[in-house]
There are 2 protein chains.
Amino acid sequence: MLGYTVIVNKLRSYVYGEWVQGDDRFAELKNPTTETTIAQASTAGIDMDRALRHSREVGGPALRALTFAERGALLAAMSRTIHGAREELIELAIENGGNTRGDAKFDLDGATGTLMAYADLGAELGDRRTLVDGDPVDLGGGSRLGGYHIRIPRPGVAVHIGAFNFPAWGWAEKAACALLAGMPVLTKPATATSLVAARTVELVVEAKILPQGALSALVGSAGDVLQQLSFHDVVAFTGGSATARTIRGTERLLDAGVRVNVEADSLNAAVLAPDADDATVDVFLRHVHRDITQKAGQKCTAIRRILVPEAAYDRVAEALSERLGDTVIGDPKLADVRMGPLATARQRDDFNAGVAKLREQTDIIYGDPATVTPTGVDDGRGYFVPALLLGAKSALDASVVHELEVFGPCATLLAYDGSADQASTIVRAGQGGLVTSVYSDDRKFSAAMIDGIAAWHGRIFLCDKKIAEKVPGPGTVLPSLLHGGPGRAGNGEELGGVRGLELYQHRTALQGNAPLLARYVGG
Amino acid sequence: MLGYTVIVNKLRSYVYGEWVQGDDRFAELKNPTTETTIAQASTAGIDMDRALRHSREVGGPALRALTFAERGALLAAMSRTIHGAREELIELAIENGGNTRGDAKFDLDGATGTLMAYADLGAELGDRRTLVDGDPVDLGGGSRLGGYHIRIPRPGVAVHIGAFNFPAWGWAEKAACALLAGMPVLTKPATATSLVAARTVELVVEAKILPQGALSALVGSAGDVLQQLSFHDVVAFTGGSATARTIRGTERLLDAGVRVNVEADSLNAAVLAPDADDATVDVFLRHVHRDITQKAGQKCTAIRRILVPEAAYDRVAEALSERLGDTVIGDPKLADVRMGPLATARQRDDFNAGVAKLREQTDIIYGDPATVTPTGVDDGRGYFVPALLLGAKSALDASVVHELEVFGPCATLLAYDGSADQASTIVRAGQGGLVTSVYSDDRKFSAAMIDGIAAWHGRIFLCDKKIAEKVPGPGTVLPSLLHGGPGRAGNGEELGGVRGLELYQHRTALQGNAPLLARYVGG
């Protein structure tokens, strides 16, 4: 660790095939447990246009020359390389992210797992460079005239702007899709927690896995990189909706018609059905508790709204309070600590301000917003906040609960009348989200929930007693299922197996002599 | 005709299930051959929010309750109804659009053909309301846990803003996709040529084919309709890139993250390969000539750049000049006239200004920009322009040819060195287009062209001698192939069979008990 810390004291960016250190306007990276500065980052002085041209002109052609199987093999090597440094990376995540070991593994294994899933997809797609979209089109009524649709790499650069909460998984999942599709990546992780991101990129670069120009990284500010984009480039952003709005409205992106994918705020709900079996209720409680506390609630997919039938309200309040009471908050280095601090001072301040707003329309069920006594931490040090459970029996009257994403260990219990109809109405008040989970052993209730809320979500997770034991929670994003959501969640789509490549592909119709086209797309 | 003309003297909009006439700020519709005013249109006083709510709250649920097969049957009825009034509509198109009978049929049969193609697709998709996207996803390694992706109608309204050049086909192709997907439509045809659009909508409404709220139409200005949209709504626009940029940058659309699809400018190219067979050269000449003159060159897909090997330049110049010399320009009512006027005074002025710019970097091969003597028209009347063939032997030096879409009967002949490499470079200088056509009997040349330009186009049309006889030109948009293009062309996608529904669908991942999910998506 010590040797590494010295090396990264001023973090470097990797652009135009070189490690470059910014020369001005340094941002500070902190340890959120101790508030000490552990590194600095700056991109001042980096020529963004040159960085993009290097990606487009060197990285793009190199990737496009490879088959899907070959690109997949690169992803597998990236996954293994990052996994090989897991212990070192866990330490960095604890230091810079305030992660517990469990939190850190969740991020790192998410990264390596997603890379490996796309490596497998690459192998499956095989020795091809072009994907055929759908069946051949008959245009001739028996003549030779026909059509095909092909998906090919966009000859630009994929600019990825990541969120602070998943410094490894965040860039890796985006890069997996872009690289497999054949697009070079310029990734810009969130500066505050970029230690893990920068080190994982460094590991991949040092291992000389990828062709020149295939992967670049800006560690620090994005500078004017968006001002340099053109129509074949793609921007994928994960973060808050205010920043998303700024990116979307960037004149240059609008002028050039640059594709922008956004994953933003989401007031994910968990709905307990009236009928649920004990095993189903148990997994429901487990998932809700995990989402409040894992990564101190700093997951875009975390459950923020907990819908239970009126009759179950008090029972669920009690059970969740008990679990939260058993959750040790403190220095994430310590083995018995289950929840560390928030990642930055600003996150802590935003959390406290958000909780104050939520409290105007909710009651406190568990926790004291003013009090947190983290284990193993000097008095008053660190960006710690308490885990909180709020409640509102009149769910729709608590409008702020459906509008304000408070990004930390806080969720609100809401009562509904037991009907899928009312539960759907309440869930939809979130105006578009990443995922809602339904815990039910009544098939009709589950189907009615899908009907009621599917168009408001990127994913619906349906849990019943038969899958309760082994199932990952709704907060776990799987590479084979779509991730994103409409409305407040940004209207984006990522992952979902081969669907994750679409953002980075251009689709073209080919029209002509069908046997000749078949030969073209076949080889 | 007379009775109808009286009725439509002030055109009405169809909103909230009523025919509504604007009350102020009337726009005038002209006969572009005679310059006489034939109708007026205004949407002043229409409550746009109410119109949208009617579509969302009445039309949406009604359409979503129908299966694909049922929605397809509605499209078939629309197609038959419009086709049944073909003669009346041809007259209106001649009167308001300056169309020849052939031009009018191209528009009308495009409309009815596309509606019928989507009717057939509806029948094929059958008794379902939900589309399953791809294969089931195995999440469990043998356990019950699995996933599906479904495509469902977005519970908003599809706002369609059309171009003046295809008053029937323009709205019908967009409506076919949206209605089959299950989204209600609020269509706003271009005011200047809205007589055909308004009458076709009226025919459909009078025939009581669609459920209430499924189809509304604004005849006149769009007013503040875009300011009222929310995240489930969709905007699809066809027209110039300046208007497209304004729509894209509309604060409300950016705030709400409304999906916007654009089909804008395109400098479509036709490339003649060095080797081409006589039959291939012949169809090449036929297609280029047709695209210059059909609808007086007012097609978004019309060939604007004609690439020929240096050695063929003079021969092609001569052959095209001969064909253009045989083309009678004049009153489109007359049987021997092959090209009518442009649609509006503004189009004529824009055309003349654009030609002046092109001439700064090109030579005139055929036609006199200052002279047009239309047959059967009073001296100086009408928005007539001459058909023009320009030329530049040094293709890339004539930068304006690759940047400025002059929307009328004008194209530029360009020389290249006979290599697919140089032809691709020249074609790509257009910075993204709808379609490029390649006339070649050399398989390697064709394949190299696809490799060279596919990512810059929505469609590539490959013509060889074996399909030369029966093939429609590149300017004909087929419902089963994608229509749209990257960059200058707007980065949009329309049509392409089932792909055309995607814009109007939301995609959701379902995760859970696989056998239960299978039952849900199956029924």
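Lettering of chains follows the sequences in order, A, B, ..., and the numbering in each one begins at 1. Just the heavy atoms: all of them, side chains too, but no hydrogens, waters or symmetry mates, feed the values below.
- The part of A:Ile467 that comes within reach of chain B is its side chain, from C-beta onward, which places non-hydrogen atoms under 4.5 angstrom from that chain.
- Note: A:Gly512 leads A:Ala514, A:Gly512, A:Pro472 in heavy-atom pairs under 4.5 Å with chain B.
- Within the 3.5 Å criterion, the main-chain N or O of B:Arg443 finds no donor-acceptor partner in the side chain of A:Arg519.
- Side-chain contact between A:Gln511 and B:Leu462: absent, with no pair of heavy atoms (C-beta onward) separated by less than 4.5 Å.
- Neither the backbone nor the side chain of A:Pro474 comes within contact range of chain B, judged by heavy atoms closer than 4.5 Å.
- Looking at A:Ile450, the atoms closer than 4.5 Å to chain B (heavy atoms on both sides) sit in the backbone and in the side chain alike.
- Two residues are said to be in side-chain contact when any heavy atoms from C-beta on lie closer than 4.5 Å; A:Arg245 and B:Asp255 meet this criterion.
- Distance alone, capped at 3.5 Å, is enough to place a donor-acceptor pair between the A:Thr508 side chain and the B:Ala454 backbone.
- Ranked by non-hydrogen atom pairs under 4.5 Å with chain A, the options B:Arg154, B:Glu493, B:Gln505 are led by B:Glu493.
- In this structure, CG on B:Asn513 lies 11.0 Å from NZ on A:Lys465, to the nearest 0.5 angstrom.
- Interface remark: of the candidates B:Lys470, B:Glu251, B:Arg64, B:Glu251 forms the most heavy-atom pairs closer than 4.5 Å to chain A.
- If you measure heavy-atom distances from A:Leu481 to chain B, the contacts under 4.5 Å come from both the backbone and the side chain.
- The shortest heavy-atom contact between A:Phe231 and B:Gly432 is CZ-N, 4.1 Å.
- With a 4.5 angstrom heavy-atom cutoff, B:Leu510 touches chain A via backbone and side-chain atoms both.
- Only the side chain of A:Ile152 comes within less than 4.5 Å of a heavy atom of chain B; its backbone N, CA, C and O stay farther away.
- In this structure, B:Arg144 does not pair ionically with A:Glu469, as no charged nitrogen and carboxylate oxygen lie closer than 4.0 Å.
- Contacts with chain A were tallied for B:Gly487, B:Gly485, B:Gly490, B:Gly497; B:Gly487 has the most, counting heavy-atom pairs under 4.5 Å.
- The aromatic ring centroids of A:His506 and B:Trp456 lie 6.0 Å or more from each other.
- Interface summary for chain A: among B:Val438, B:Asp133, B:Val435, B:Leu516, the most heavy-atom pairs under 4.5 angstrom belong to B:Asp133.
- Put simply, CG on B:Leu254 and OG1 on A:Thr250 are 9.5 Å apart, with the number rounded to the nearest 0.5 Å.
- Counting heavy atoms from C-beta on, the side chains of A:Leu482 and B:Arg507 come closer than 4.5 Å.
- How far NE2 of B:His149 is from CZ of A:Arg459: 9.5 Å, rounded to the nearest 0.5 Å.
- At a threshold of 4.5 Å between non-hydrogen side-chain atoms, the residues B:Leu139 and A:Ser480 count as touching.
- For the options A:Pro155, A:Gly249, A:Gly484, heavy-atom pairs under 4.5 Å to chain B are most numerous at A:Pro155.
- Side chain of A:His232 to main chain of B:Ala455: a donor-acceptor pair is present (N/O by atom type, distance under 3.5 Å, no hydrogens or angles).
- The distance from the OH atom of A:Tyr520 to the CD1 atom of B:Ile460 is 7.5 Å, given to the nearest 0.5 Å.
- The distance from the NZ atom of B:Lys466 to the CG atom of A:Leu145 is 14.5 Å, given to the nearest 0.5 Å.
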